[in-house]
Amino acid sequence: MHLLVCGGTGCNASRSQEIAANLKSSLKDNGLENEVQVILTGCFGFCEKGPIVKIMPDNTFYTEVKPEDATEIIMEHVVKGRKVTRLLYTDPENKQHVADSKHMGFYKKQMRIALRNCGYIDPQNIEEYIGADGYAALAKCLGEMTPEQVINEIKLSGLRGRGGGGFPTGLKWEIASKNHADQKYVVCNADEGDPGAFMDRSILEGDPHSVLEAMTINGYAIGATIGVIYIRAEYPLAINRLLVAIDQAHEYGLLGKDILGSGFNFDIELRYGAGAFVCGEETALIHSMEGLRGEPTFKPPFPAQSGYNKKPTNVNNVETYANIPIIITKGADWFNKIGTEKSKGTKVFALAGQINNVGLIEVPMGITLREVVYEIGGGIKGGKEFKAVQTGGPSGGCLTTKHLDTPIDYDNLLASGSMMGSGGMVVMDETSCMVAIAKFYLEFTVEESCGKCSPCRIGNKRLHEILEKITKGNGTMEDLDNLRNLGRVIKDASLCGLGQTSPNPVLSTIENFYDEYVEHIKDKKCRAGVCKSLMQYVIDQEQCVGCTACARNCPVNAISGEKKMPHFINTELCIKCGACIEKCKFNAISIC
Amino acid sequence: MTKIKSLADLKAMKQSVQEKIDTRAKGTAEGLVQVKVAMATCGIAAGAKKVMDYMMSETEKRGMDVVFTQTGCMGYCHAEPTIEVTLPGNEPIVFGYVDLKKADEIIDKYIKDGELVEGIIPVNYEKINN
């Protein structure tokens with residue numbers, strides 16, 4: 001028998017170490033120390049009910065355990081085999097105690113559909129994929145379904161593009177299928193560029209065949225015989241695993257001529273991108289594939305009408321494709337029961353920032369931010385206060401405490417001034433400055449703007465300059481109006497999705513953290529202590545003993561004072577290098 | 001040479017592989033221990049490959065029958081490198097922060113004697129069974 005005690009940050013703070021120690025000593029008292037083992041584990045992700053003690057192998061899940069409860073757990077559960085009912089997890093819906101943790105709703109928070117094979121099969125072994133029901137969807141499509149039926153199934157499933165925009169996938173396929181041409185193309189957009197998002201890479205590295213299978217199905221549905229994966233060259237392992245997978249699929253007759261004896265031919269090749277963010281936009285991506293500059297062009301014509309080599313082209317994102325095979329095998333009706341009314345299925349998020357369980361998670365659409373941050377994410381690092389979550393990367397915005405209970409889906413995120421994007425989620429606490437965050441994302445956009453249209457090229461540069469001015473302490477209240485007006489113009493007038501969304505981080509932080517902007521402008525203060533120019537170094541007159549160490553080490557001679565008398569910093573000369581703080585042995589210098 | 005020419009071929013292959021995978025998931029009748037190592041770019045960067053190489057050579061040195069498989073991202077970025085160990089007849093257990101020292105401990109205690117060691121990452125997602 002094993003007693004697992006949660007040793008995650010949250011439970012640790014509620015004395016889980018002490019619980020483990022008490023359990024061990026109680027076991028010893030009963031002479032059971034050799035039969036029963038007490039083990040500290042990583043976070044169970046159930047911090048609000050912590051500390052957690054789980055008993056294996058019977059899967060008993062005790063919540064809110066106190067060190068004093070240890071003896072009772074040993075005497076009752078371990079010695080007499082009776083569960084300690086009062087410590088069992090209570091189901092919030094039916095108020096029943098749950099004895100077996102397998103029946104806890106909590107473990108249904110995450111659902112791996114797109115990531116179903118990641119961490120389960122060997123990605124470089126096609127047989128393992130086949131064993132996990134791989135290529136069954138392709139066989140079903142080729143053997144039992146007409147292309148129209150395939151498209152219809154995808155339409156019925158309600159699947160929407162996972163690359164950010166959320167366009168209905170089935171509809172996209174239908175449009176491409178209705179445009180006739182001697183050659184059509186299927187393109188997989190693997191140009192994942194949002195800072196902090198890596199779900200596409202994880203899928204390609206962990207389950208490359210699912211994407212190949214989906215692209216082949218896509219080809220059959222719209223009448224294309226060539227598929228191209230546009231992937232950034234900075235993903236060498238993903239490229240390598242794709243190449244291995246493509247070779248294996250050829251060898252097994254699942255790519256190439258006359259697939260599964262159906263007469264359908266399909267082949268997939270790779271194109272490498274140089275890692276420009278704008279190439280995630282489908283028209284820019286297609287131009288880059290054609291050997292041209294990666295610049296977007298006006299839509300219409302849509303790629304479905306005239307895309308790669310001026311032929312009808314269907315472009316979908318990696319995660320979108322990863323959903324396709326399982327929708328075909330399990331059926332649209334299975335898929336469209338998951339999620340919310342207008343956003344079906346699950347979404348993979350890369351959870352990062354000031355959160356305990358940084359990780360790649362997949363959750364049903366409609367989950368709340370609270371569940372993601374406090375349950376799956378295990379809460380904020382160091383027990384600090386939650387401040388905001390940036391979703392959608394440089395195209396998205398901030399969600400704050402008031403959005404904690406909003407169900408996450410495409411439409412709610414848009415209504416909150418953010419967007420789904422490709423699924424980056426950066427969690428921030430009180431040590432993050434929202435003005436600096438907005439500036440960070442704009443730096444990225446300014447760098448990545450292709451420069452073709454002036455609203456994006458010039459407008460974002462100006463936005464960035466204004467933010468720079470505010471973080472330096474030179475902002476005026478008019479700057480706020482300028483940011484808002486200019487932001488709206490850029491959104492309205494830009495050519496492609498990059499410019500149309502790039503002001504979102506600024507606009508949403510002004511909307512949600514107006515006070516913080518005003519503080520930077522009027523009080524010249526950065527409450528998070530991030531904006532260097534707004535910080536001041538001060539010597540505490542009581543603590544300072546006048547040792548002169550700071551004055552001797554100040555590179556700009558900004559510190560003066562008599563020996564053995566309190567010193568002063570001339571803030572006009574101070575360059576905020578921090579040398580004085582390092583040298584002070586009396587903790588007399590602080591930043592405010 | 002083309003191996004799968006029809007739906008029937010595919011089904012036959014699935015059947016035979018499925019059996020292999022099932023026995024792997026549940027631990028095999030012959031008592032083989034299964035170790036999966038999460039080897040996406042990030043896992044490898046955190047040292048997963050070194051850990052896998054080490055465990056392979058160590059288990060062999062100690063004459064233990066262990067099947068190693070590389071796999072994709074398990075999602076526990078905060079605890080890389082991560083490995084999943086399945087003892088025959090047992091539920092899989094995921095261990096995080098596996099460095100060479102921890103790997104040694106896992107081989108010595110859990111794989112050899114079924115004694116759990118610290119560093120367990122509780123699995124908190126549902127798998128979609130195909």
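Note that the structure is a prediction, hence the values are computed from the model and not measured. Below, chains carry the letters A, B, ... as their sequence lines are ordered, and counting in each starts from 1.
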Q | B/Ile93, part contacting chain A, at a heavy-atom distance under 4.5 Å | A | side chain

(Q) Can you confirm whether B/Arg62 sits close enough to B/Ile111 that some side-chain heavy atom of one is under 4.5 Å from a side-chain heavy atom of the other? (A) no

(Q) Less than 4.5 Å to any heavy atom of chain B: does that hold for the side chain of A/Leu40, its backbone, both, or neither? (A) both

Q.
For a 4.5 angstrom cut-off between non-hydrogen side-chain atoms, does B/Val66 reach B/Ile107?
A. no

(Q) I need the residue from A/Gln124, A/His2, A/Lys140, A/Met56 with the largest number of non-hydrogen atom pairs under 4.5 Å to chain B. (A) A/His2

Q: Please flag which part of B/Ala38 lies under 4.5 Å from any non-hydrogen atom of chain A: side chain, backbone, both or neither.
A: neither

Q.
Shorter than 4.5 Å, heavy atoms on both sides: which option in A/Leu237, A/Leu4, A/Leu115 has the most such pairs with chain B?
A. A/Leu237

Q.
Taking every non-hydrogen pair under 4.5 Å, which of B/Leu10, B/Leu7, B/Ile121 racks up the most with chain A?
A. B/Leu10

Q: Only counting residues at least two apart or in another chain, list the ones meeting side chain to side chain donor-acceptor pair (under 3.5 Å) with B/Lys102.
A: B/Glu105

Q: Just give me the residue among A/Gly261, A/Pro123, A/Ala238, A/Gly256 that pairs up with chain B most often, heavy atom to heavy atom, under 4.5 Å.
A: A/Pro123

Q. Is it true that A/Tyr135 and A/Tyr252 have ring centroids separated by less than 6.0 Å?
A. no

Q.
Any non-hydrogen side-chain atom of A/Phe61 less than 4.5 Å from a side-chain atom of A/Thr63?
A. yes

Q: Between chain A and each of B/Gln15, B/Met39, B/Met13, B/Gln70, count heavy-atom pairs under 4.5 Å; write down the option with the most.
A: B/Gln70

Q: For residues B/Thr59 and B/Val35, determine if any side-chain heavy atom of one lies less than 4.5 Å from a side-chain heavy atom of the other.
A: no

Q: Could you have a look at B/Glu115, B/Met74, B/His78 and say which one has the most heavy-atom pairs with chain A under 4.5 angstrom?
A: B/His78

Q: Quick one: which of B/Gly43, B/Cys42, B/Gly119 has the most heavy-atom pairs under 4.5 Å with chain A, could you say?
A: B/Cys42

(Q) Is any side-chain heavy atom of A/Val36 closer than 4.5 Å to one of A/Leu3? (A) yes

Q: Please flag which part of A/Asn356 lies under 4.5 Å from any non-hydrogen atom of chain B: side chain, backbone, both or neither.
A: backbone

Q: Examine whether an atom of B/Glu80 lies under 4.5 Å from a heavy atom of chain A, and if so say whether it belongs to the side chain, the backbone or both; otherwise answer neither.
A: neither

Q: Go through the atoms of B/Val94 and report whether side chain, backbone, both or neither lie under 4.5 Å from a heavy atom of chain A.
A: neither

Q. Is there side-chain contact between A/Cys118 and B/Thr71, with heavy atoms separated by less than 4.5 Å?
A. no

Q | A/Glu205 and A/Tyr235: side chain donor to acceptor below 3.5 Å | A | no

